[in-house]
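Working notes, structure below.
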Amino acid sequence: MTQDIHGASASAAAAAGTGTGGWWRNAVIYQVYVRSFADGNGDGVGDLPGVRDRLPYLAGLGVDALWITPFYRSPMADFGYDVADYREVDPRFGTLDDARALIADAHAHGLRIILDLVPNHTSDAHAWFRAALAAAPGSPERARYLFRDGRGAGGAEPPNDWESVFGGPAWTRVPGGQWYLHLFDPAQPDLNWDDAAVRAEFEAVLRFWLDLGADGFRIDVAHGMVKAAGLPDVGRAGQTRMLGTAVLPYFDQDGVHEIHRSWRALLDTYAGERIGVAEAWAPTAERLARYTRPDELHQAFNFHYLTAPWDAHGMRAVIEESLRTAAAVSAPATWVLSNHDVQRHVTRYGGGAEGLRRARAAALLTLALPGSAYVYQGEELGLPEVLDLPAEVLQDPQRRRGEGEGRDGCRVPLPWSGEEPPFGFGTGGTTWLPIPPAWRDRTVAAQDADPDSTLALYRNALRVRRGHPALGDGPLRWLVGPPGTLMFVREPGGPDGAGGAGTPAGRSVGCAVNMGDRTVQIAAFGAPLLASGPVRAAGGRIELAPGTAVWWEVA
Ligand code: GLC
């Protein structure tokens with residue numbers, strides 16, 4: 001299959017949507033954490049040729065686009081989120097030619113490619129930071145970062161009280177006495193976005209990858225680039241949480257929006273609807289929506305949905321709030337359950353058989369909601385968090401600096417085939433984190449032919465979603481369901497709710513999710529299309545066990 005991603009097909013995708021926008025309003029975007037996806041050269045670390053080999057799998061899954069985590073040259077202090085050269089591919093991940101080939105092949109499979117841009121900080125191995133260290137205080141080289149004199153006698157105390165997201169002070173002192181800011185690891189110095197050279201460089205980097213065919217960017221820490229003038233103290237505990245309740249002097253400052261506006265203008269000069277997606281941990285849904293105003297980015301990750309517990313009441317509140325705030329800025333809502341920074345949702349929802357049951361139901365909920373959805377690699381296999389990794393194999397800097405459990409457990413390499421590790425991950429015998437032997441029944445090969453597997457559920461849901469005019473972007477109408485159950489219907493038609501059952505395509509899709517602890521009976525207004533577990537349909541009713549979701553179609 002070939003598809004002209006940057007030409008005619010984009011408008012075809014728009015036509016298939018609501019008519020108010022393009023492919024990204026409905027898209028299902030699959031997150032590839034490169035290091036852990038597939039290893040093409042046998043060194044135990046995933047790479048670009050590995051991703052390229054598996055494009056048929058991804059196209060067959062039925063997603064629309066891939067978001068690929070950073071593969072640029074990096075010392076890997078934060079596994080690629082510490083970039084030493086924004087225009088080079090790290091040799092561990094491949095070459096620039098591999099990146100070109102991956103983009104071209106993905107397009108040939110009808111898949112768009114979203115790259116990961118890391119603008120809040122560079123690596124301490126970036127030429128700019130090296131030059132800054134070699135230069136004097138007050139120099140233009142130091143002005144690209146946030147160097148300050150310390151407080152107290154001899155400047156021996158950090159310039160303010162900010163803490164790193166990974167734990168400890170957000171400041172490190174350099175020989176000569178000044179301190180530099182790093183909201184993350186000391187190996188990730190924060191850039192100074194008031195510096196014109198910084199802005200110009202990132203515009204050039206965007207153009208570099210857009211010219212190579214990238215369909216857009218996920219913007220790392222999109223809420224962090226601008227810091228409050230004077231770098232004031234926070235003065236209270238709990239300040240470094242990514243998702244807090246307050247605007248912090250280093251997160252969600254109004255000034256970041258001007259940067260996003262300039263990038264939107266740049267993206268719009270390219271054909272094919274190239275998009276920007278904010279990784280912004282904004283304190284409220286309202287503030288998050290500001291990142292997707294019509295002249296800013298196209299989408300923002302919905303971490304309020306991701307962090308909502310398994311509870312119908314709370315979940316409905318988050319969904320309603322997300323839809324309301326996204327609609328207020330004419331953006332599509334987005335839905336995400338897992339990524340490379342959080343505990344996998346099978347485990348978050350209780351783990352074991354119950355966690356998996358709920359995760360499968362959550363997949364049907366997520367893919368039935370209006371807007372765009374994200375799938376984190378391995379969730380389509382029902383993978384849980386690996387909680388028992390031995391201490392000596394842990395590698396996440398967050399863990400090393402003593403903050404929380406660390407993120408290794410959601411980054412374990414994917415099991416592809418075979419009866420024992422490395423489960424076809426690569427041609428070598430090793431993987432950079434060990435794969436649990438118990439994953440032999442979770443491999444792609446093991447699930448491939450099983451109609452009841454989680455992989456089959458995702459494939460079916462994505463196929464139905466793609467073909468159904470009622471799913472993707474558009475209106476949602478809540479139905480009154482039994483206690484503990486979310487129930488709604490999706491009707492084909494514009495965002496104003498026009499169309500509905502009378503439109504030519506004419507069919508609506510209902511979705512019910514039982515988040516309670518008792519089996520419920522729901523009135524089904526049509527035949528079940530798809531269910532996340534066994535359901536019984538009889539006499540116009542569907543019996544739904546706890547942790548189960550169903551889609552039905554209304555003729
Ligand atoms: C984002 C990334 C995370 C990284 C951090 C610093 O939150 O998703 O993996 O550690 O930014 O770049």
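Just so you know, residue 1 is the first one in the sequence shown, and it goes up from there. Order of listing sets the numbers, starting from 1, for every ligand and every atom in it. The figures here come from the full heavy-atom set of this structure, side chains too, leaving out hydrogens, waters and symmetry mates.
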For Val221, the ligand 1 atoms whose distance to one of its heavy atoms is below 4.0 Å: 11 (O)

Side-chain donor-acceptor pair present, Asp82, Ser74, cut-off under 3.5 Å: yes

Atom indices of ligand 1 within 4.0 angstrom of Glu279 heavy atoms, with elements: 1 (C), 7 (O), 8 (O)

Phe166: numbered ligand 1 atoms lying under 4.0 Å from its heavy atoms: 10 (O)

Residue His121 vicinity, atoms of ligand 1 by number, heavy atom under 4.0 Å: 6 (C), 12 (O)

Basic-acidic side-chain contact under 4.0 Å: Asp161, Arg151: no

Between Asp215 and His107, a side-chain donor and acceptor under 3.5 Å: yes

Salt bridge flag under 4.0 Å for residues Arg290 and Asp252: no

Closest to atom 6 (C) of ligand 1 among Asp78, Leu183, Asp341 (heavy-atom distance): Asp78

Pair Asp295 + Arg261, salt bridge at N-O below 4.0 Å: yes

Those atoms of ligand 1 less than 4.0 Å from some heavy atom in Arg407: 3 (C), 4 (C), 9 (O), 10 (O)

Which of the ligand 1 atoms, numbered from 1, are nearer than 4.0 Å to a heavy atom of Gln188: 6 (C), 12 (O)

Within-shell test, His182 vs ligand 1, heavy atom, strictly < 4.0 Å: no

The one among Val118, Ile219, Asp220 that brings a heavy atom closest to atom 12 (O) of ligand 1: Asp220

Check against side chain to side chain contact (heavy atoms under 4.5 Å, CB included), Leu383 and Val346: CA-CA 7 Å; Leu383 298 184; Val346 167; over 6 Å; no

Ring pair (Phe, Tyr, Trp, His ring centres under 6.0 Å) between Tyr376 and Trp67, intermediate numbers included: CA-CA 9 Å; Tyr376 176 47; Trp67 149 33; 8.1 Å; no

Ligand-side contact atoms (ligand 1) for residue partner Arg218, heavy atom cut-off under 4.0 Å: 2 (C), 8 (O)

For Arg411, atoms of ligand 1 separated by under 4.0 Å from a heavy atom: 9 (O)

Gln395 and Arg411 side chains, donor-acceptor separation under 3.5 Å: no

